[in-house]
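The chains referred to below are lettered A, B, ... by the order of the sequence lines, with proteins before strands, and numbering in each begins at 1.
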There are 2 protein chains.
Amino acid sequence: MARVTIYSIARELGVSASTVSRAFSRPDLVRSDVRERIMAEADRLGYAPNRAARGLATGRTGLIGLLVPDITNPFFPPLVRAVEQAAGARDVGVLLVDAEANGRAEPRLVRQLAAQVDGLVVASPRASSAALKDVVGGLPAVVVNRTIQGLPGVVCDNTGALRAAADHLREHGHTKLALLRGPADSWAAGRRAQAVRRWADEHEVELVELGPFEAQFEDGRAAARVLVDSGATGILAFDDLMACGVLSGLAELGVHAPVDVSVVGCDDVLLARTMTPALTTVTAPIDELGRRAVELLEQVVAGEAVRSARVEGVLTVRGTTGPAPRRRRG
Amino acid sequence: MARVTIYSIARELGVSASTVSRAFSRPDLVRSDVRERIMAEADRLGYAPNRAARGLATGRTGLIGLLVPDITNPFFPPLVRAVEQAAGARDVGVLLVDAEANGRAEPRLVRQLAAQVDGLVVASPRASSAALKDVVGGLPAVVVNRTIQGLPGVVCDNTGALRAAADHLREHGHTKLALLRGPADSWAAGRRAQAVRRWADEHEVELVELGPFEAQFEDGRAAARVLVDSGATGILAFDDLMACGVLSGLAELGVHAPVDVSVVGCDDVLLARTMTPALTTVTAPIDELGRRAVELLEQVVAGEAVRSARVEGVLTVRGTTGPAPRRRRG
DNA sequence: CTGAAAGCGCTTACAG
DNA sequence: CTGAAAGCGCTTACAG
């Protein structure tokens, strides 16, 4: 059977193709009874406007790109879902690209995406600001969990929650804390380290800094040995995966949370809830992060002025933190 | 500055637009020196063919759709990555859609996707075969981890590995096994249950079946109580998430793996490796699954005849299985 | 190997 | 509120 287009519907109904087109793109411009006849006929024939043709005519693709640094990191699936949902509600599709934890590949990936989308959500990029801005060029883009001069963004600020976490540890008698730093090129890692450092300064609490580490389970595991040697009993890990790793490494050395040490993660990914005991961590409003990113992007695409947004993490106390042990090890 | 098209490049170089077009779409048809001049100029101007225009002319979008039932289930991120990588290698983009664990939404989502892609990878769908086939219509599609009459697919067969797991438990002295069944509408769940059931029949081993459960951590947790009451010491869970949940629930009841019970998961997702102790499970070649799906889809799109593919899981013994306890509880 | 021209299926400024 | 027509930027059958 012949492909159904605005022309075939128009002919069938004795109206012009323009009117059929308007019934879909600007329904308010079409008299309601005409519009209804058109919609009924379209429905009957299973018609949907050809996206390529529409795109060619309007210059819009109806697609946004979403670049994530590592889809297998449990932080990102919920973000992807939130972005996808928000985009879907606007009838725009999401072209997903995974940088496979390779920051240097990001500029190339952004460039490829840029040619086929109306806008870009770039989550937690690792590449340099300059490289990123260069490839983004004039394309509408919003950055998630990083601030880049000149690009709108939405970040999760965990400063307050991390300070609360540190307070929580101190109140439980932990007098020596350790910070497991995240990747050197991660903006979030820098911010988190800074928050903890500042807190320690203010409270004159001894803080051991370890890392930088990659945000991987194995890197957390590898940190267990030095951690034990450091004598710190309160541990703030860059993220949940690293917290999970360090707990695993510590368990192997016979050191257990919350009795021997207390461990706090960050993000509150699925993993944090499935561990036994469940992880004390900073809960990030990931859904909101994704939703706000799409809202912002929509505004940028529409040419409106936008303000970067900020959401906040909150401390969630679970099973991996508790009173400091009475005696020091060693 | 004016937008760069095949026309602007053609004018610049004193050739026809057709030739510029061919330099990109059918380079073999253009004399090499001409082609090189065109490419150099395009490069200089940052030109890339307009996808919408190309799509309108060819009827191809250069996009495939990927429908996953639940992106937050840790099985899918690695699959998404594999599909995305294989697609990227063919210069096709991936439009990701998440059904958010709602099987009844799948037909609608497929229908929406269908309008904007050249083909579809449908992963572990929950909707009925009839509904799925109806919405897929004539669109090239390949199904992952489910067989649907008339649609090509690539499945992971875990039969052998699950039998090996059951053997492993029996060899360790477990005389009563429990099977935690997965979702009722999950094809994989049915297959896995069947494999275990058949093994138990053949070996005259007592098998307690529990479920169906949703493939969620909490559902696994909720199963702990009945499991303990059943007296089974060897547990085969539908997937890793459920295994993880049941371990958590059991721990709360003072029952621990591998000393009191042995637990086997399925899939070998990230979670399985980050648990302490690490989970004995069936390792699925997820990357291969994704890669094969894209290969198959490419062939279908090209109009070639294809054969459904099958890959196999293998048993990976880790820390949650061991000798059956000497005395029965209760 | 190259060019002129038609066509892909929409949108939208313009005229009515 | 509706229609005729031009245009979006490619591809490709056809002719040379």
Side-chain angles (χ1 to χ4, degrees), chain A residues 1-39 41-42 45-63 91-93 114-118 301-302, chain B residues 1-39 41-42 45-63 91-93 114-118 301-302:
Chain A
M1 77 201 172
R3 156 177 283 300
V4 23
T5 68
I6 52 172
Y7 294 105
S8 61
I9 295 180
R11 201 176 317 120
E12 204 72 24
L13 261 35
V15 298
S16 77
S18 312
T19 300
V20 178
S21 172
R22 288 195 192 96
F24 283 90
S25 54
R26 303 289 312 275
D28 49 302
L29 296 183
V30 178
R31 212 172 61 208
S32 61
D33 60 322
V34 178
R35 184 188 342 125
E36 273 154 28
R37 282 175 56 217
I38 292 173
M39 292 322 234
E41 184 68 6
L45 300 172
Y47 170 77
N50 177 312
R51 300 250 177 178
R54 176 176 279 183
L56 184 57
T58 61
R60 292 276 178 86
T61 62
L63 259 29
D91 197 28
V92 341
Q116 29 188 341
V117 299
D118 298 329
V301 169
Chain B
M1 80 203 173
R3 155 176 284 302
V4 22
T5 67
I6 53 172
Y7 294 105
S8 60
I9 295 179
R11 201 176 319 122
E12 204 74 23
L13 262 36
V15 299
S16 77
S18 311
T19 300
V20 177
S21 171
R22 288 195 191 95
F24 283 90
S25 53
R26 303 289 310 274
D28 50 301
L29 296 183
V30 178
R31 213 173 60 207
S32 61
D33 60 323
V34 178
R35 189 195 329 134
E36 274 153 27
R37 282 175 55 219
I38 292 173
M39 290 324 228
E41 183 68 4
L45 300 171
Y47 170 79
N50 178 311
R51 299 248 176 178
R54 176 176 279 182
L56 184 56
T58 61
R60 290 274 177 90
T61 62
L63 258 30
D91 196 30
V92 341
Q116 29 189 342
V117 298
D118 297 329
V301 169

Any salt bridge between A:Asp91 and A:Arg60, counting N to O under 4.0 Å? no

Is A:Arg37 reaching over with its side chain to a backbone N or O of A:Leu13, donor-acceptor style, under 3.5 angstrom? yes

Within the 4.0 Å heavy-atom criterion, would you say B:Ser21 contacts the bases, only the backbone, or no part of the nucleic acid? base

By nearest-heavy-atom nucleotide on DNA chain C, the more 5' of B:Val34 and A:Phe24 is B:Val34

Do A:Tyr7 side-chain and C:dC10 base share a donor-acceptor contact under 3.5 Å? yes

Separation of atom CG in B:Leu56 from atom P in C:dA6, rounded to whole Å: 17 Å

Minimum heavy-atom separation for A:Ile38 to A:Phe24, with atom names? CG2-CE1, 4.3 Å

Rounded to whole Å, CD1 of B:Ile6 lies from C1' of D:dC8 at a distance of 12 Å

Atom pairs under 3.5 Å, N or O on each side, protein against nucleotides 13-16 of chain C: can you list them with distances?
from: C:dA13; atom 1: N6; to: A:Arg22; atom 2: NH2; distance (Å): 3.0

Examine distances only and state if a side-chain atom of B:Thr58 and a backbone atom of B:Arg54 form a donor-acceptor pair shorter than 3.5 Å. yes

Rounded to the nearest 0.5 Å, what separation is found between the OG1 atom of B:Thr61 and the CG atom of B:Leu56? 12.5 Å

Taking the nucleotide of DNA chain D with the closest heavy atom to each, which residue, B:Asn50 or A:Asp28, is nearer the 5' end? A:Asp28

Tell me the closest heavy-atom pair linking B:Pro27 and B:Arg35, and the distance in Å. O-NE, 3.2 Å

Using the side-chain heavy atoms of A:Ala57, tell me which of these nucleotides is nearest: D:dG9, C:dG9, C:dT2. C:dG9

If only side-chain N and O atoms of A:Thr19 are considered, is one of them under 4.0 Å from the OP1 or OP2 phosphate oxygen of D:dG3? yes

Verify, without hydrogens or angle tests, whether B:Ser8 (side chain) and B:Val4 (backbone) share a donor-acceptor contact under 3.5 angstrom. no

note: B:Tyr47, atom OH; D:dG9, atom P; distance rounded to Å ~ 10 Å

What is the nucleic acid contact for B:Ser25, judged by heavy atoms within less than 4.0 Å: base, sugar-phosphate only, or nothing? sugar-phosphate

Output, in order, the C-alpha distance, side-chain angles, deciding distance and verdict of side chain to side chain contact (heavy atoms under 4.5 Å, CB included) for B:Tyr7 and B:Val20. CA-CA 8 Å; B:Tyr7 294 105; B:Val20 177; over 6 Å; no

OP1, OP2 of C:dG3 versus side-chain N and O of B:Ser16: anything below 4.0 Å? yes

For DNA chain C, whose closest nucleotide is more 5', that of B:Ala53 or that of B:Val30? B:Val30

Could you tell me how far D:dG16 sits from D:dT12 if I compare only their C1' atoms? Round to whole Å. 16 Å

Restricting to side-chain hydrogen bond (donor to acceptor under 3.5 Å, both in side chains), what partner residues turn up for A:Ser18, sequence neighbours left out? none

So does A:Arg54 get a side-chain nitrogen or oxygen closer than 4.0 Å to the phosphate oxygens (OP1/OP2) of C:dG9? no

Dot-bracket notation for DNA chain D is requested: 5' to 3', Watson-Crick or G-U wobble pairs only, both distances under 3.5 Å, with ( ), [ ], | and . as defined. |||.||||||||.|||

Interatomic distance, B:Leu29 CG vs C:dC1 P [rounded to whole Å]: 8 Å

Report the distance from atom CD of B:Glu36 to atom C1' of C:dC1, rounded to the nearest whole Å. 15 Å

Would you mind reading off the distance between B:Arg37 atom CZ and C:dT2 atom C1', rounded to a whole angstrom? 13 Å

Check the distance between C:dC8's C1' and B:Asp118's CG and give it to me in whole angstrom. 15 Å

Distance from B:Ser16 atom OG to B:Arg22 atom CZ, nearest 0.5 Å? 6.5 Å

Once you round it to whole Å, what is the distance between C1' of D:dT2 and CZ of A:Arg26? 14 Å

